[in-house]
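Okay, structure first, notes after.
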Amino acid sequence: MALKKQRTKTSLTQAIANFRKAKGLYATEAGKDKCDAQIGACNYLLKRINKRNQNRNL
């Protein structure tokens with residue numbers, strides 16, 4: 001049985017901060033685009049978590 005990774009608000013915001021730092025270190029546009037894609041994915045997951053939490057509170 002595989003362990004399920006937990007995506008929390010804290011871990012996602014930390015990941016976004018790390019990708020923003022890494023984006024500044026890349027010299028190529030391809031590297032920066034990869035960071036942008038990961039930042040976008042993290043933001044999407046944060047929105048889903050927030051929406052799920054709102055629905056639970058109704």
Side-chain angles (χ1 to χ4, degrees):
M1 181 173 151
L3 294 176
K4 184 177 178 183
K5 291 184 180 181
Q6 291 291 324
R7 302 281 188 222
T8 62
K9 288 182 182 182
T10 304
S11 67
L12 289 169
T13 53
Q14 186 177 15
I16 290 170
N18 289 337
F19 283 120
R20 285 187 177 147
K21 286 180 193 174
K23 183 179 173 182
L25 300 175
Y26 279 105
T28 64
E29 283 300 313
K32 292 179 182 188
D33 290 343
K34 287 180 185 178
C35 289
D36 284 337
Q38 289 299 319
I39 291 168
C42 290
N43 282 327
Y44 172 75
L45 290 172
L46 274 173
K47 286 178 187 176
R48 284 186 57 197
I49 288 172
N50 288 332
K51 186 175 181 180
R52 183 182 66 205
N53 288 342
Q54 278 182 339
N55 290 340
R56 285 183 182 172
N57 291 334
L58 294 178

Could you point out which residue of S11, C42, C35 forms a side chain to side chain contact (heavy atoms under 4.5 Å, CB included) with I16?
C42
What's the spacing between I39 CD1 and R20 CZ if we round to 0.5 Å?
5.5 Å
Would you sort out whether R52 and N55 count as a side chain to side chain contact (heavy atoms under 4.5 Å, CB included), showing the intermediate values?
CA-CA 5 Å; R52 183 182 66 205; N55 290 340; 5.7 Å; no
To the nearest 0.5 Å, what is the distance between CD (Q38) and CG (N18)?
12.0 Å
Atom CD1 of I49 and atom OG1 of T8: how far apart are they, to the nearest 0.5 Å?
7.0 Å
Mind checking the CG-CG spacing from L45 to L12? Nearest 0.5 Å is all I need.
5.5 Å
Side chains of E29 and K32, heavy atoms from C-beta outward: is any pair under 4.5 Å?
yes
If you compare all heavy atoms of L46 against all heavy atoms of K9, which two are closest, and at what distance to 0.1 Å?
CD2-CA, 3.8 Å
